[in-house]
Amino acid sequence: RIKMKNKILKYSILAAIIILSIVQVGCTKELQMVSDSTYMLGTYLQLSVWTTNKQEGMDTIKSSFERIKEIENKMSTNLDESEIGQINLNAGKTYVEVSEETVDIIERAIHYAELTNGAFDPAIGKLVKLWGIGTENERIPTQDEIQNALQFVDYQKIEFQGDNKVKLSEADMRIDLGGIAKGYAADEVTKIMKNKGIKHAIINLGGNVVTLGKKADGTSWKVGIQDPFEPTGTHMGVIEVYDQTVVTSGNYERYFMADDKRYHHIIDPKTGYPAENGIISATIITNSSTDADGLSTSIYVLGVEKGMQLIESLENVECIIITEDKKVYTSTGLTERFQIIDSSFQIEN
Ligand code: AMP
Ligand code: MG
């Protein structure tokens with residue numbers, strides 16, 4: 001019987017060792033980066049996740065891209081069959097029933113319109129179409145065309161009925177969520193990645209960046225701030241972040257040149273022309289990418305003084321503003337985390 005007991009003991013020790021070593025192999029398995037890119041939402045998208053399971057990482061990226069496609073198919077201004085397309089097609093006519101998330105984003109956009117006194121306006125669609133910036137129809141409209149279009153830019157004339165019906169009160173009104181939808185898509189991708197157990201990731205939707213967790217080595221991410229005067233990928237500064245989003249609106253993203261003047265894609269709803277107040281880039285650092293996206297476009301239109309005032313009034317939101325004379329304005333909570341790496345830029349504050 002003692003022999004028997006010894007045998008059982010031996011086997012259980014052996015089993016324990018085997019189990020332990022399997023667990024150990026599982027734990028020491030190295031994190032590797034899985035990355036993929038594509039073109040959607042009118043821009044270049046890149047997702048990178050750190051995972052011990054390459055296949056799971058690839059699957060997560062695939063689901064993320066599918067989710068972005070879904071959002072684009074609902075919220076794109078350029079697709080007649082999208083929910084926004086349908087609202088626009090039925091402007092001045094009938095209510096259109098849309099999904100809860102589309103209503104949520106329209107309402108979020110209206111929130112920023114109210115906060116900025118209409119500097120941000122999701123009813124900017126007719127003006128955006130008129131300028132056609134980034135499309136084959138881009139041109140400088142006539143004064144008459146601009147005056148006419150301006151009458152139909154008014155977020156207060158977006159009407160809601162019940163939980164999810166939307167109507168534009170005038171036939172010439174058009175909604176355009178281009179200033180906020182990318183941020184929402186980035187937040188949704190972050191959610192998917194968290195749900196899949198990803199602890200470290202970089203979500204980059206055309207310069208709309210979310211950092212998930214810290215880097216695999218436990219340090220903060222360093223996100224480069226684009227130098228507005230140089231080709232994509234040249235940075236004028238670096239910001240250290242984790243579990244936050246860094247979103248920039250810049251005059252270099254989409255524009256055309258005419259008579260040595262740059263006509264870019266962020267339109268001032270007061271004038272009908274591309275915003276021209278000295279700002280050439282506005283970056284927001286905060287937790288929600290939807291908010292950061294709405295705010296970066298807002299600040300770009302508001303200008304340095306009003307923009308900075310707004311940012312300082314908001315909890316947990318920071319910003320970096322660059323003006324055409326290479327001055328850099330940063331909000332008070334940022335000083336420690338932001339570093340200029342090109343000395344031709346001067347901190348103003
Ligand atoms: P972003 O790159 O996030 O600053 O957004 C720019 C996009 O937002 C443009 O391409 C338009 O689709 C839209 N947009 C332009 N001007 C405004 C504005 N004043 N308010 C809201 N959206 C705007
Ligand atoms: Mg934006």
Side-chain angles (χ1 to χ4, degrees), residues 41-45 72 75-79 82 84-85 88 105-106 108-135 137-138 146 149-150 152-156 158 173-187 204-210 226 228 232 245-256 263-277 279-286 288-303 306-307 310-311 317 319 321-322:
L41 301 172
T43 190
Y44 175 75
L45 318 179
E72 177 166 44
M75 302 189 191
S76 170
T77 317
N78 304 321
L79 303 170
S82 78
I84 295 299
N88 286 342
I105 297 307
I106 296 173
R108 200 74 198 138
I110 292 174
H111 166 75
Y112 282 111
E114 286 167 346
L115 204 62
T116 61
N117 231 326
F120 186 90
D121 194 329
I124 194 91
K126 194 166 170 76
L127 270 173
V128 171
K129 186 90 194 289
L130 184 59
W131 282 91
I133 291 165
T135 74
N137 304 319
E138 57 189 16
I146 287 181
L150 275 173
F152 304 106
V153 179
D154 185 355
Y155 63 93
Q156 288 166 323
I158 302 174
M173 282 180 70
R174 297 289 180 270
I175 291 186
D176 181 325
L177 297 180
I180 195 166
K182 256 193 288 173
Y184 176 64
D187 282 334
N204 186 350
L205 310 187
N208 209 305
V209 174
V210 177
Q226 174 66 35
T232 309
T245 184
V246 180
V247 176
T248 303
S249 288
N251 70 345
Y252 51 85
E253 284 169 26
R254 232 174 290 157
Y255 65 92
F256 69 90
Y263 294 91
H264 62 81
H265 69 313
I266 302 169
I267 313 286
D268 184 341
K270 296 253 164 6
T271 64
Y273 283 81
E276 204 175 356
N277 51 39
I279 292 185
I280 53 174
S281 146
T283 299
I284 302 291
I285 301 101
T286 189
S288 147
S289 208
T290 310
D291 291 342
D293 197 2
L295 280 169
S296 66
T297 311
S298 297
I299 300 308
Y300 197 106
V301 178
L302 281 175
K306 281 188 190 159
L310 172 59
I311 295 307
V317 181
C319 77
I321 298 174
I322 305 174

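Numbering of ligands and ligand atoms starts at 1, following listing order.
- Taking the Mg ion (ligand 2) as the apex, the angle formed with O of G179 and OG1 of T297 is 90°, to the nearest 10 degrees.
- Defined by atom type and a distance below 3.5 Å, a donor-acceptor pair is missing between the side-chain atoms of T77 and N88.
- An N or O contact shorter than 3.5 Å links D121 to ligand 1 by distance.
- The N/O atoms of I267, backbone and side chain alike, include one that comes under 3.5 Å of an N/O atom in ligand 1.
- Taking the Mg ion (ligand 2) as reference, D293 places its N/O/S atom OD1 nearest.
- Which parts of ligand 1 touch T297 is read off a 4.0 Å heavy-atom cut-off, strictly below it: atoms 1 (P), 3 (O), 4 (O), 5 (O).
- For atom 15 (C) of ligand 1, the nearest non-hydrogen atom of the protein is H265 O, 3.3 Å.
- Inclusion of E253 in the set of residues having an N or O under 3.5 Å from an N or O of ligand 1 is warranted.
- When only interatomic distances are considered, the shortest N/O to N/O separation between G179 and ligand 1 falls below 3.5 Å.
- Counting atoms of ligand 1 from 1 in the listed order, those under 4.0 Å from a heavy atom of P269 are 19 (N).
- At least one N or O atom of S249 sits closer than 3.5 Å to an N or O atom of ligand 1.
- The nearest non-hydrogen atom to atom 11 (C) of ligand 1, considering only T77, V128, L177, comes from V128.
- Within the 4.0 Å heavy-atom criterion, the part of A119 lying near ligand 1 is the backbone and not the side chain.
- Side chain to side chain, Y44 and N204 fail the donor-acceptor criterion of an N or O pair below 3.5 Å.
- Counting heavy atoms under 4.0 Å from ligand 1, residue R254 touches it through the side chain alone.
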